[in-house]
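The block underneath contains the structure these notes are about, expressed in structure tokens.
For this chain, numbers begin at 1 and follow the sequence in order.
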Amino acid sequence: MKPFLLLFLLIFLLSSLAQLWLPWWVVVPVCLGLAAWRRVPAGAAFLAGLLGVGLSWWLPAAWFNTHGAELLATRLATLLPLGGNSWLLVLLGGLLAGLVGGVAALSGAWWRGAARG
């Protein structure tokens, strides 16, 4: 299996499971640790963190938005400058979470490179 794909799957699975019981920011140590553990270039680590964490937030948010939580998301999107568009809120939430995961994975890859010397 390619190192990028394995890192992406590990980040996606572990961040999805960890967020069930722990706070949202648990994705940072998960991405940082996995990217430091796996030998993946910095760009691939960022992309794996971005996609892994972004999808782990976007998929449940999209499911909740289509299965009854659209009213709450619409009201929240009205408070933000999103024009009451709940799907834009879902996409924005996934993008922000993905950026947090991507930067954490990039930091892990850079940390591994710095530790090697």
Side-chain angles (χ1 to χ4, degrees):
M1 186 177 286
K2 290 187 177 184
F4 166 77
L5 185 59
L6 181 62
L7 180 62
F8 162 71
L9 289 175
L10 285 172
I11 288 174
F12 176 71
L13 291 174
L14 289 178
S15 65
S16 296
L17 289 174
Q19 290 179 83
L20 291 175
W21 297 284
L22 298 171
W24 68 268
W25 51 264
V26 75
V27 299
V28 173
V30 166
C31 290
L32 191 125
L34 287 174
W37 174 57
R38 301 294 305 161
R39 277 187 206 263
V40 178
F46 176 80
L47 190 59
L50 177 83
L51 294 175
V53 175
L55 285 176
S56 76
W57 277 49
W58 185 77
L59 290 175
W63 189 84
F64 284 129
N65 196 34
T66 58
H67 289 88
E70 185 177 6
L71 181 61
L72 178 62
T74 302
R75 288 183 180 177
L76 184 59
T78 304
L79 293 174
L80 299 171
L82 301 176
N85 189 346
S86 63
W87 283 106
L88 193 56
L89 179 68
V90 168
L91 289 175
L92 184 66
L95 177 67
L96 289 175
L99 286 174
V100 169
V103 169
L106 180 64
S107 298
W110 281 348
W111 181 73
R112 179 180 178 90
R116 276 188 295 157

[atom2] on [Y] to [atom1] on [X], rounded to 0.5 Å:
X      : Y     : atom1 : atom2 : answer
Phe46  : Cys31 : CZ    : SG    : 11.0 Å
Leu88  : Leu82 : CG    : CG    : 4.5 Å
Leu106 : Leu47 : CG    : CG    : 11.5 Å
Leu92  : Trp57 : CG    : CH2   : 11.0 Å
Leu79  : Thr74 : CG    : OG1   : 11.0 Å

Any side-chain heavy atom of [X] within less than 4.5 Å of one from [Y]?
X     : Y     : result
Leu34 : Val30 : yes
Ser16 : Phe12 : yes
Leu55 : Phe8  : yes
Trp87 : Thr66 : yes

With clusters defined by side-chain heavy atoms of hydrophobic residues (ILVMFWY) lying less than 4.5 Å apart, directly or transitively, does [Y] cluster with [X]?
X     : Y     : result
Leu13 : Phe4  : yes
Leu14 : Val53 : yes
Val27 : Leu10 : yes
Leu99 : Leu59 : yes

Closest non-hydrogen atom pair between [X] and [Y], with its separation:
X      : Y     : value
Val100 : Val28 : CG1-CG2, 3.6 Å
Ala73  : Ser86 : CB-CB, 3.7 Å
Arg112 : Arg38 : CD-O, 4.0 Å
Trp111 : Ala36 : CE3-CB, 3.5 Å
Ala35  : Ala45 : CB-CB, 4.3 Å
Leu22  : Val26 : CD1-CG2, 3.6 Å

(message) Surrounding CH2 of Trp110 (heavy atoms of other residues, nucleotides or ligands, distance under 6.0 Å), is the total greater than 12?
(response) no
(request) Please check if atom CZ in Phe64 has more than 12 non-hydrogen atoms from other residues, nucleotides or ligands closer than 6.0 Å. (result) no
(message) Out of the candidates Leu5, Leu9, Ile11, only one should pair with Leu7 under the side chain to side chain contact (heavy atoms under 4.5 Å, CB included) rule; please name it.
(response) Ile11
